[in-house]
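One structure below.
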Amino acid sequence: MEADVIVIGAGLAGLQCARRAQRNGHKVIVLEAGSAVGGRVQTDQIDGFLCDRGFQLLNPAYPAVRQWINVPALKLQKFGVGVVVRVGEKTTTLAHPIYHPTHALATLRSELTSISELVNLTRWFVPTLLRPSIAYRSWRDQTLSESLDGAGVAGPLRRDVLDTFLAGVLADSSGETSANYSRVLMRFFALGTPGLPRQGMRALPEQMASSLQNSVLLNCAARELQEIPDGIQVRTDNGIIRARVAVLAVGPQDVPKFTNLSATLTRGLTTWWFRAPDRPRKSPFLMLDASRPGGGPAGPIWHTAVVSDAAPSYAPAGEHLIEATTLLDRPDGLASEADVRRDLERLYQTSTKDWEILRHDVVPHALPLHPPPFQNNSPIWAGERTLVTGDHRSAGSIQGALTSGDCAGQTVTDYLRR
Ligand SMILES: Cc1cc2nc3c(=O)[nH]c(=O)nc-3n(C[C@H](O)[C@H](O)[C@H](O)COP(=O)(O)OP(=O)(O)OC[C@H]3O[C@@H](n4cnc5c(N)ncnc54)[C@H](O)[C@@H]3O)c2cc1C
């Protein structure tokens with residue numbers, strides 16, 4: 001055998017699985033179809049700008065990040081803990097009172113926050129904040145919409161802020177996501193200040209890969225996986241690799257290519273990246289649009305941010321980087337550039353004539369959908385020697401991918417020691 005463990009896919013789950021198995025004393029080979037490690041976490045450098053492949057943030061409050069990542073080495077540039085909400089002509093900043101005390105009074109006085117709705121939201125959310133384990137009681141789960149309706153969270157805070165924010169974070173505008181899962185995500189936002197590494201989000205998987213003894217084999221897609229009497233063999237374009245056990249850490253859409261497991265439902269989003277000579281707004285917060293009567297955005301953009309305000313390393317000095325995110329579960333998810341520019345002009349109240357597009361990333365399988373009941377599953381055996389891991393087995397997040405990968409690394413160790 002060439003290795004004890006062969007890991008297919010060098011996303012966060014595959015990398016953490018490989019690190020755990022290596023730490024447990026096994027020889028590990030990691031195959032990656034793409035030209036870089038990181039899977040859904042990638043960054044492109046364009047004319048001195050850093051554009052992640054789909055806007056995302058790293059939350060240092062994730063327990064898996066605290067435990068297994070050298071966060072100081074990433075030099076996180078923090079976003080504001082709060083949002084700017086545009087409703088028609090008006091913008092309001094709602095911010096965490098502890099992190100942003102200067103916004104506390106305005107947040108409490110805002111028309112978007114009534115006392116009764118805040119009380120109902122607190123009742124809905126605080127039990128999970130204090131005891132996250134209750135979110136895993138799947139028999140008490142509902143869809144996010146049903147759950148918020150039932151809790152009496154039904155005013156402007158829900159309509160104009162929560163629904164829009166969570167739709168952008170979950171890539172799901174239907175409200176069909178598990179309420180328990182949504183509360184877990186919100187808990188992390190309440191506990192941490194998300195940010196962007198100085199070298200871009202790719203610095204996270206690059207740090208993880210740097211601790212592997214064997215370099216990840218890039219541009220090396222697994223074509224076929226076959227269980228043989230004493231192990232497993234993987235056919236790649238460069239030949240056959242044999243190991244005692246395989247971990248399939250491909251994204252959710254690719255699992256059925258190798259196993260009899262059915263595909264996990266996913267949701268997609270797109271991110272537009274613009275460079276601008278002038279800053280359209282000075283703010284470290286995400287801007288949400290809730291200008292549609294009844295809530296939600298009036299155009300294709302669910303959230304936008306002047307990314308370089310919070311993360312200056314993302315743009316060359318004197319220039320500005322703006323992201324705008326659309327959701328693929330909406331008819332206008334693939335809006336034209338002209339429509340996106342028109343929407344940005346409305347949101348920032350400025351012309352985008354001098355803005356230049358750096359990238360438009362369309363990510364059809366950005367996140368697994370978590371309908372109720374939310375189940376934080378373990379990696380699953382799809383054969384005698386094939387273990388399946390990834391965020392789709394746990395939770396659609398960096399935290400979910402890391403914990404699922406770590407658990408897979410430990411599970412194959414237990415298997416090999418038996
Ligand atoms: C646009 C976007 C925004 C996000 N925002 C956030 C956020 O703000 N916060 C957060 O916590 N999470 C966010 N996420 C989610 C997070 O990035 C993912 O949950 C996580 O990266 C998934 O990691 P993974 O290892 O499970 O899967 P993947 O990253 O999909 O890794 C699978 C890997 O397998 C490889 N592969 C596939 N087929 C083969 C093959 N045949 N042979 C070899 N290799 C193969 C792929 O190339 C890929 O590298 C976001 C994701 C996206 C896309």
Side-chain angles (χ1 to χ4, degrees), residues 6-18 29-43 51-62 64-65 79 165 168-171 184-185 188-189 192 194-196 201-202 204-205 208-209 216-225 234-238 241 246-259 264 266-273 286 303 305 323 325-328 359 361-368 370 379 388-406 408:
I6 183 160
V7 177
I8 300 167
L12 302 183
L15 290 171
Q16 183 57 27
C17 170
I29 293 179
V30 185
L31 304 185
E32 169 52 47
S35 57
V37 298
R40 275 169 271 166
V41 181
Q42 304 280 341
T43 308
C51 302
D52 297 326
R53 259 183 237 164
F55 174 71
Q56 57 183 302
L57 293 172
L58 176 62
N59 191 334
Y62 286 147
V65 170
F79 267 65
F165 174 73
V169 170
L170 299 162
V184 169
L185 261 189
F188 290 127
F189 280 106
L196 292 172
M201 284 297 289
R202 70 175 173 204
L204 170 64
M208 296 173 71
V216 173
L217 301 179
L218 299 173
N219 301 308
C220 188
R223 301 290 177 201
E224 195 186 19
L225 204 69
V234 179
R235 188 169 59 78
T236 75
D237 294 340
N238 311 330
I241 302 174
V247 177
L248 197 58
V250 299
Q253 71 280 10
D254 291 320
V255 171
K257 292 180 192 164
F258 296 93
T259 70
T264 306
T266 57
R267 289 285 184 262
L269 51 78
T270 93
T271 302
W272 294 79
W273 294 102
L286 215 57
H303 61 72
E323 73 84 18
T325 292
T326 69
L327 300 188
L328 289 176
R359 276 188 71 93
D361 291 303
V362 179
V363 193
H365 303 288
L367 293 160
H370 295 294
V388 178
T389 186
D391 64 345
H392 55 100
R393 291 296 309 157
S394 171
S397 65
I398 291 167
Q399 161 74 14
L402 291 175
T403 46
S404 183
D406 198 75

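For clarity, every value in this text was computed on a predicted model and none was experimentally measured. Order of listing sets the numbers, starting from 1, for every ligand and every atom in it.
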Ligand 1: protein N/O within less than 3.5 Å of ligand N/O:
residue, atom, partner, partner atom, Å
ligand 1, 8 (O), Leu57, N, 3.0
ligand 1, 8 (O), Leu57, O, 3.4
ligand 1, 9 (N), Leu57, O, 3.2
ligand 1, 11 (O), Tyr62, OH, 2.7
ligand 1, 11 (O), Ile398, N, 2.9
ligand 1, 12 (N), Ile398, N, 3.4
ligand 1, 14 (N), Gln56, OE1, 3.2
ligand 1, 17 (O), Gln56, OE1, 2.9
ligand 1, 19 (O), Asp391, OD2, 2.7
ligand 1, 19 (O), Ser397, N, 3.3
ligand 1, 19 (O), Ser397, O, 3.3
ligand 1, 25 (O), Leu12, N, 3.1
ligand 1, 25 (O), Ala13, N, 2.9
ligand 1, 26 (O), Asp391, N, 2.9
ligand 1, 27 (O), Arg40, NH2, 3.0
ligand 1, 29 (O), Arg40, N, 2.8
ligand 1, 30 (O), Arg40, NE, 2.8
ligand 1, 30 (O), Arg40, NH2, 3.2
ligand 1, 41 (N), Ala222, O, 3.0
ligand 1, 42 (N), Ala222, N, 2.9
ligand 1, 44 (N), Ala33, N, 3.1
ligand 1, 47 (O), Glu32, OE2, 2.6
ligand 1, 49 (O), Glu32, OE1, 2.6
ligand 1, 49 (O), Glu32, OE2, 3.1
ligand 1, 49 (O), Gly39, N, 3.4

From Gln16 atom CD to Ile398 atom CD1, the distance as rounded to the nearest 0.5 Å: 13.0 Å
Residue pair Val65 / Asn59, side-chain heavy-atom distance below 4.5 Å: no
Within-4.5 Å side-chain heavy-atom neighbours: Phe79 and Leu57: yes
Close side-chain approach of Lys257 and Leu225, heavy atoms under 4.5 Å: no
Heavy-atom side-chain contact between Thr264 and Val255 under 4.5 Å: no
Beyond-backbone contact of Asp361 with Phe55, side-chain heavy atoms, under 4.5 angstrom: no
